[in-house]
Each structure stands twice: as C-alpha cells, then as structure tokens.
Peer 1: 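One structure, as structure tokens, below. Some questions next.
Within every chain, numbering begins at 1; the chains are lettered A, B, ... in the order of the sequence lines, protein sequences first and strands thereafter.
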Amino acid sequence: MRIATYNVNGVNGRLPVLLRWLEEERPDIVCLQELKAPQDKFPEGPIRDLGYEAIWHGQKSWNGVALLSRVGEIHETRRGLPGDPDPSQSRYIEAAIAGVIVGGLYLPNGNPRPGPKFDYKLAWFERLIDHAAALLATGAPVVLAGDFNVMPTERDVYKPERWTDDALFAPEVRALYARLLEQGWADSLRRIYPDETIYTFWDYFRNAFGRDAGLRIDHLLLSPSIAGRLKNGGVARQVRGWEKTSDHAPTWIELNGPAS
DNA sequence: ATGTCCAAGCTTCTTGGA
C-alpha cells in the first residue's frame, strides 16, 4: 500500500499536475495540503473520476487539507486539532482508511521570526505533539503526514547556515520536531535513507530546482505499530519539473501488506 | 533586498502569503 503527501500549493491552479501525477503513480492514499480553495471549490469531480474518494477541509485563499483514497472508504475521525490556537485555519484532517489512521497536516510556516506567526507555529506544534501522544496511546497504526514546515537536521537543507534564523529551521522548531519523534514516531524517509540528501521542496526563486537548492519539509511519520511494515519510499522529483507545478514534490512511502 | 507564483477583489493591477 502506497501513501503519499503533497503540498499542491493551490488545488485548482495545479489541478492538471495533480491529476497527471495521480494517474501516473496511482497512490492508494493521499494527503493534500495548501488547497487554497473554499470548501465548495474543491475539484471533487475530476478526482473522483480517477477513482478516488475524498474528504477535505477548505478555507478561502489560504491553507486547506484533504485526504484521498482509492482503497476503501474514508471514515473521518476529526478535522482541526484539539485546542487549535486558531480554528479558522484549516490545517488538520484525520480519518481511518484501510485499517490505518491517517492524519494529514499543514503546519504553519511561522515566518517572520520572531513575531505572532512564529508564536502561532510553536503553539500549533505543541497541540500537534499533544494529539500525537493521544494517537500513540490508542496503539492503533497511525501515519502522520504532511507539510511540517520543518527541516529536522542540517542534512535536510541545501545551505544550513543560511537558514538558522528562519522559522523553518529555528532551534525551537527543530526541538519540537525532535520531541515529537521521541514519542516513538519513525521518520519514514530517514529510516530508509539515513544518510542521503533528500529534498521535497524547492523555492520558485533563483532557479532553486535547477540548482537543487532544496529543503526536506514534507514528512511521513509512522507509529510503532505500523513502522515494521515500511518497505520503500521516495520523492517524485519529476513532478516538480512539470509546467505550472507546485514548489513541493509529492513524497511517498510503500507499506508491506494489502490495503485491507 | 532580491527572486516567483497564486488567490482575491471596491479587479485588468495590487496585495499578502509562502
């Protein structure tokens, strides 16, 4: 079973790219972020035509998250984090799909730092850590996937020294990511490739993709009860090279066993 | 400081967010 996360950066503006990727790769379960579309403007029809059921939490102009499945019904378990510091922002959606709890998230960017947006990022991250602990306590197989807006280590940044003051690489934020992992979550791609350079995002500026000046900020975390099924994973870099594409590339994992 | 791209609106350019 393959699960992917993809920050589409505008689900309608990138619809041809999204549909092409879904057709070519046929992931079983997909977490989408940055829909940038109100609830009634999600392109449910074309996605359904490719065989995917979908649930989504839209928002005018900004944010927005969705879950897609072509391997069975989506049983929504929540939208929004418990105690979300600003529930008007659509950043979390969770469902049981094919025997797995999938939490799709779009963690706040947090720039500029310092400032209220950075404070909101830290507060949101704390709420995520609390909820992640509650999910682990159930013992259920859980995948937490999405745009975390965090490069966990220096290996995940093309030029770490340039990013130390940025909200995506600030010590406080990396410490929160480390705290989350210490609960027992496995960072899938790092589990498979401990020492490789892996990027999931390349800025539109300054030919960042051409120079491979990238960041690894999209992550798929596995609870201990499912981590043993991790078989493979990667980044669909070619998608970042298509016309009218997102600044992120889809990131995916393959789990042993059927989509039961 | 810059660079690029998108959505939205008192819209055909401007603005904010990433």
Side-chain angles (χ1 to χ4, degrees), chain A residues 5-21 31-44 46-47 56-66 84-92 104-125 128 145-152 156-159 161-170 172-174 176-177 199-219 235 237-251:
Chain A
T5 181
Y6 185 22
N7 179 320
V8 285
N9 191 2
V11 72
N12 287 302
R14 315 299 187 188
L15 190 59
V17 167
L18 173 63
L19 296 177
R20 177 179 169 190
W21 168 67
C31 306
L32 296 178
Q33 303 89 39
E34 274 208 271
L35 304 178
K36 291 184 171 175
Q39 189 68 14
D40 61 353
K41 291 282 168 45
F42 182 83
E44 184 183 15
I47 287 171
W56 62 95
H57 192 194
Q59 181 185 330
K60 194 171 80 172
S61 299
W62 313 118
N63 309 316
V65 285
D84 193 319
D86 178 3
S88 71
Q89 301 195 24
S90 300
R91 295 183 175 277
Y92 187 82
L105 65 100
Y106 177 45
L107 211 134
N109 176 296
N111 279 306
R113 165 181 178 269
K117 290 185 177 177
F118 188 67
D119 295 341
Y120 174 64
K121 179 177 198 169
L122 298 182
W124 203 94
F125 214 148
L128 177 65
D147 178 358
F148 284 69
N149 268 316
V150 184
M151 297 85 90
D156 303 309
V157 198
Y158 68 98
K159 213 167 251 192
E161 66 278 9
R162 288 246 182 109
W163 288 83
T164 46
D165 295 327
D166 191 279
L168 277 66
F169 198 53
E172 311 93 293
V173 177
R174 292 161 64 189
L176 285 165
Y177 189 84
Y199 299 139
T200 65
F201 167 94
W202 298 261
D203 216 308
Y204 290 121
F205 305 160
R206 292 170 299 230
N207 189 32
F209 186 56
R211 295 185 295 120
D212 198 25
L215 310 173
R216 189 174 76 95
I217 56 177
D218 300 278
H219 309 298
V235 178
R237 287 178 62 111
Q238 76 279 4
V239 177
R240 182 60 181 80
W242 294 350
E243 289 290 311
K244 303 279 280 178
T245 198
S246 169
D247 39 9
H248 296 248
T251 306

Peer 1: Does a nitrogen or oxygen in the side chain of A:Arg14 sit under 4.0 Å from OP1 or OP2 of B:dC6?
Peer 2: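 Answer is yes, contact under 4.0 Å.
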Peer 1: For A:Asn109 and for A:Asn12, find the nucleotide of DNA chain B with the closest heavy atom, then tell me which residue's nucleotide is more 5'.
Peer 2: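 The residue closer to the strand's 5' end, by nearest nucleotide, is A:Asn12.
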Peer 1: Side chain of A:Tyr204 only, heavy atoms from C-beta on: which candidate in B:dT4, B:dG9, B:dA7 is closest?
Peer 2: B:dT4
Peer 1: Closer than 4.0 Å, any side-chain N/O of A:Lys41 to the OP1 or OP2 of B:dA7?
Peer 2: no
Peer 1: Could you check whether the side chain of A:Arg206 and the base of B:dT2 have a donor-acceptor pair of N or O atoms closer than 3.5 Å, going by distance alone?
Peer 2: yes
Peer 1: Can you confirm whether or not the ring centre of A:Tyr177 sits under 6.0 Å from the ring centre of A:His219?
Peer 2: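 Judged by ring-centre distance (under 6.0 Å), A:Tyr177 and A:His219 do meet the cut-off.
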Peer 1: Check the side chains of A:Asn111 and A:Asp166 for a donor-acceptor pair under 3.5 angstrom, ignoring hydrogens and angles.
Peer 2: yes
Peer 1: Which is true for A:Pro112 with a 4.0 Å heavy-atom rule: it touches a base, it touches only sugar-phosphate, or it touches nothing?
Peer 2: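 Result for A:Pro112 = nothing.
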Peer 1: Kindly give the heavy-atom pair with the smallest separation between A:Leu35 and A:Trp56, and that separation in Å.
Peer 2: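 Here A:Leu35 and A:Trp56 meet closest at CD1-CB, 4.1 Å.
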Peer 1: When we call it a touch if two heavy atoms are under 4.0 Å apart, what does A:Gly10 touch: a base, just sugar-phosphate, or nothing?
Peer 2: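 Here A:Gly10 touches no strand at all.
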Peer 1: Would you mind telling me which residue lines up with the more 5' stretch of DNA chain B, A:Gly110 or A:Gly13, judged by nearest nucleotide?
Peer 2: A:Gly13
Peer 1: Would you indicate which nucleotide in B:dC6, B:dA8, B:dA18 comes nearest to any side-chain atom of A:Lys244?
Peer 2: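 Nearest to the side-chain atoms of A:Lys244, counting from C-beta on, is B:dC6.
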Peer 1: If I take atom NZ in residue A:Lys60 and atom P in nucleotide B:dG16, what distance separates them, rounded to the nearest angstrom?
Peer 2: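 The answer, rounded to whole Å, is 15 Å.
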Peer 1: Any idea which heavy atoms bring A:Arg237 and A:Phe209 closest together, and the distance?
Peer 2: O-CZ, 3.6 Å
Peer 1: What's the CD-P distance between A:Glu34 and B:dA8, to the nearest Å?
Peer 2: 13 Å
Peer 1: Can you tell me how far C1' of B:dA18 sits from OH of A:Tyr106, to the nearest Å?
Peer 2: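 Checked: the OH to C1' distance equals 6 Å.
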Peer 1: For B:dC5 and B:dA1, measure between their P atoms and round to the nearest Å.
Peer 2: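 That atom pair is separated by 23 Å.
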Peer 1: With C1' as the reference atom in both, quote the distance from B:dT11 to B:dC6 in angstrom, rounded to an integer.
Peer 2: 15 Å
Peer 1: Roughly how many Å is it from CD in A:Gln89 to C1' in B:dA18, rounded to a whole number?
Peer 2: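 So the CD-C1' distance, A:Gln89 to B:dA18, works out to 13 Å.
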Peer 1: Using a cut-off of 4.0 Å on non-hydrogen atoms, how would the nucleic acid contact of A:Lys117 be classed: base, sugar-phosphate, or nothing?
Peer 2: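 Sugar-phosphate contact only.
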Peer 1: Measure CG/A:Leu15 against P/B:dC5 and give the value in whole Å, please.
Peer 2: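 It works out to 19 Å between those atoms.
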Peer 1: Distance check needed: B:dC6 P versus A:Gln33 CD, whole Å only.
Peer 2: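 Going from CD in A:Gln33 over to P in B:dC6 covers 18 Å.
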Peer 1: Can you tell me, in whole Å, how much space there is between the P of B:dT14 and that of B:dG3?
Peer 2: 16 Å
Peer 1: Considering only atom C1', compute the distance from B:dA7 to B:dT12 and round it to an integer number of Å.
Peer 2: 15 Å
Peer 1: When you check the phosphate oxygens OP1 and OP2 of B:dA18, does a side-chain N or O of A:Lys36 lie under 4.0 Å from one of them?
Peer 2: no
Peer 1: Which whole-number value in Å describes the distance from A:Asn111 CG to B:dA18 C1'?
Peer 2: 9 Å
Peer 1: Name the one of A:Glu34, A:Gln33, A:Arg14 that satisfies side chain to side chain donor-acceptor pair (under 3.5 Å) with A:Asn7?
Peer 2: A:Glu34
Peer 1: Establish, from distance only, whether the side-chain atoms of A:Tyr204 and A:Asn9 form a donor-acceptor pair under 3.5 Å.
Peer 2: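 On atom types as modelled, these side chains qualify, holding a pair under 3.5 Å.
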Peer 1: Can you tell me the distance, in whole Å, between the CZ atom of A:Phe148 and the P atom of B:dA18?
Peer 2: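 These atoms are roughly 18 Å apart.
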Peer 1: To the side chain of A:Trp62, which of B:dG17, B:dT2, B:dA8 is closest?
Peer 2: B:dG17
Peer 1: Return the nearest nucleotide to the side chain of A:Phe205; candidates are B:dT4, B:dA7, B:dG9.
Peer 2: B:dT4
